[in-house]
2 protein chains.
Amino acid sequence: MVRRNPERRAALLDAAIEVLAQEGARGLTFRAVDRQAGVPAGTASNYFANREEILTQAGGRVYERLDPGEAALASGLQGPRDRARVTALMHDLVDRVAAFPTGFLALLELRLEATRRPHLREILTERVRADVDFNISYHRETGRPGDATTVVLLWLALNWLILERLTLPDLFAPEQRGDLVTALVDRLLADQPAPTRPVPGDAAQ
Amino acid sequence: MVRRNPERRAALLDAAIEVLAQEGARGLTFRAVDRQAGVPAGTASNYFANREEILTQAGGRVYERLDPGEAALASGLQGPRDRARVTALMHDLVDRVAAFPTGFLALLELRLEATRRPHLREILTERVRADVDFNISYHRETGRPGDATTVVLLWLALNWLILERLTLPDLFAPEQRGDLVTALVDRLLADQPAPTRPVPGDAAQ
DNA sequence: TTGACACCACTCCATGTGTAGTACTACGTT
DNA sequence: AACGTAGTACTACACATGGAGTGGTGTCAA
């Protein structure tokens with residue numbers, strides 16, 4: 001029988017995220033989720049039909065938890081609209097994602113698993129596209145310097161910087177990482193030539 | 001007894017890379033390597049004491065195979081030293097890495113596995129540091145525009161772009177990816193302010 | 001009383017490890 | 001030319017782990 005208790009389902013998905021980050025995609029089993037969630041063996045089997053279901057839903061759950069929320073979003077609208085403000089926001093972004101390391105690592109595991117599961121790849125592609133588009137729109141709506149290409153380039157570099165921080169934390173010192181964020185914004189916003197071709201989200205305007 | 005046949009050992013490591021990319025770090029077992037390499041079950045057991053040994057040596061093997069070689073390196077020294085040349089070289093770099101997708105994916109799996117294995121983390125940190133430092137030195141020696149920070153920022157963004165291409169190929173169209181590389185170089189090389197703090201390799205000069 | 005759920009138990013099955021043992025081949029020795 | 005030895009390829013087995021799926025029992029509330 002399929003169980004529906006929403007709190008328990010969310011708790012199981014949170015446990016799945018931890019398992020993904022700690023054991024990898026292949027370590028994500030019903031039993032592992034049960035153990036991580038501290039529930040009796042067999043519980044996850046009653047909530048999800050198969051592993052694929054857990055994988056896709058766990059991906060959605062990560063984005064749920066990374067959502068900064070309305071309040072934070074609104075507060076982001078405040079303040080000056082200059083390059084220094086962008087720098088500050090990028091630092092915040094990196095810190096916010098790094099504060100939920102298992103979420104980021106779980107998404108990476110899901111990406112790698114997506115190379116083997118076409119369905120998961122579709123789902124993830126949609127989610128990531130929505131994330132990128134949102135970042136572009138948000139950036140434009142707040143009237144900050146830089147176009148859609150700028151946002152995508154920032155997103156690319158910051159993502160790998162976070163990956164570096166979480167997987168090989170000793171490669172860069174914390175101050176170096178901070179300086180890299182600052183330098184990235186400074187240089188990408190130094191001038192703003194027209195993009196050679198629209199990136200996703202440009203067309204949306 | 002430990003076997004030493006070097007060709008067979010290399011073949012087993014190549015098989016391990018494929019297994020890492022296809023099955024994930026947790027799927028890397030002696031038997032899986034045997035199957036992938038097309039050798040009888042038990043062979044890998046005779047060449048490696050445990051899984052950890054395979055993991056670390058497979059990482060080294062990837063870098064071996066990604067090495068462009070002396071000839072290509074020397075030819076890179078040719079040509080003009082302007083921004084357009086950097087753009088072309090960055091396109092080549094992306095294509096070269098993407099041409100060995102399982103190698104890149106295997107390294108990603110190893111990074112994730114490194115979060116669970118301190119020893120592997122040390123090894124990988126050293127390898128990646130050497131790679132970054134080499135890129136910085138090479139860039140400087142060829143007298144191309146941009147400082148060490150530029151090189152690191154290029155490296156960050158291009159890595160994630162490659163990851164995107166390999167894990168979610170439908171997120172960006174191929175032309176978009178190409179334009180992103182061009183835009184990245186254009187904007188990062190628009191001006192060259194002094195770095196706020198040295199990055200690894202700066203001190204080496 | 002009924003239904004939904006937490007919890008428990010049990011069977012079936014797949015897979016891997018480590019190692020012992022056999023067979024083949026090359027090479028040097030007598 | 002016959003033999004012995006070392007290194008390697010290949011095979012087989014004993015042992016252990018761990019997961020999937022499912023059926024059943026107890027509990028609580030409507």
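Just so you know, these numbers use all the heavy atoms, side chains as well, and skip hydrogens, waters and symmetry mates.
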Output one line per pair: protein atom, nucleotide atom from nucleotides 17-22 of chain D, and distance, for all N/O pairs under 3.5 Å.
from    : atom 1 : to     : atom 2 : distance (Å)
dG19(D) : OP1    : R35(A) : NH2    : 3.1
dG19(D) : OP2    : R35(A) : NH1    : 3.4
dA20(D) : OP1    : F30(A) : N      : 3.4
dA20(D) : OP2    : F30(A) : N      : 3.3
dA20(D) : N7     : R31(A) : NH2    : 3.2
dG21(D) : O6     : R31(A) : NH2    : 2.6

Inset, instruction - Starting at atom CD of E52(B), determine the distance to atom C1' of dG16(C), rounded to an integer number of angstrom. - result: 18 Å

Legend entry - Test log, rule side-chain hydrogen bond (donor to acceptor under 3.5 Å, both in side chains), inputs T29(B) and R31(B): CA-CA 5 Å; T29(B) 66; R31(B) 293 299 192 267; over 6 Å; no

Inset, instruction - Provide, to the nearest angstrom, the distance between the CG atom belonging to D34(B) and the C1' atom belonging to dT15(C). - result: 13 Å

Inset, instruction - Mind calculating the distance between CZ (F48(B)) and C1' (dG18(C)) to the nearest angstrom? - result: 16 Å

Legend entry - Side-chain N or O of N5(A) closer than 4.0 Å to phosphate OP1/OP2 of dA6(C): yes

Legend entry - N/O (side chain, Y47(A)) to phosphate O (OP1/OP2, dA4(C)) under 4.0 Å: no

Legend entry - Exam field: side chain Y47(B) to backbone L13(B), donor-acceptor pair closer than 3.5 Å: no

Legend entry - T43(B)-N46(B) side chain donor-acceptor pair, cut-off 3.5 Å: no

Legend entry - Option passing side chain to side chain contact (heavy atoms under 4.5 Å, CB included) with W155(B) (candidates I136(B), L93(B), V128(B)): V128(B)

Inset, instruction - Could you tell me whether the phosphate oxygens of dA9(D), OP1 or OP2, come under 4.0 Å of any side-chain nitrogen or oxygen in R8(B)? - result: yes

Legend entry - CA sep, side-chain torsions, deciding dist, call: R116(B), E23(A), salt bridge (charged side-chain N to carboxylate O under 4.0 Å, His left out): CA-CA 8 Å; R116(B) 299 150 217 155; E23(A) 311 289 336; over 6 Å; no

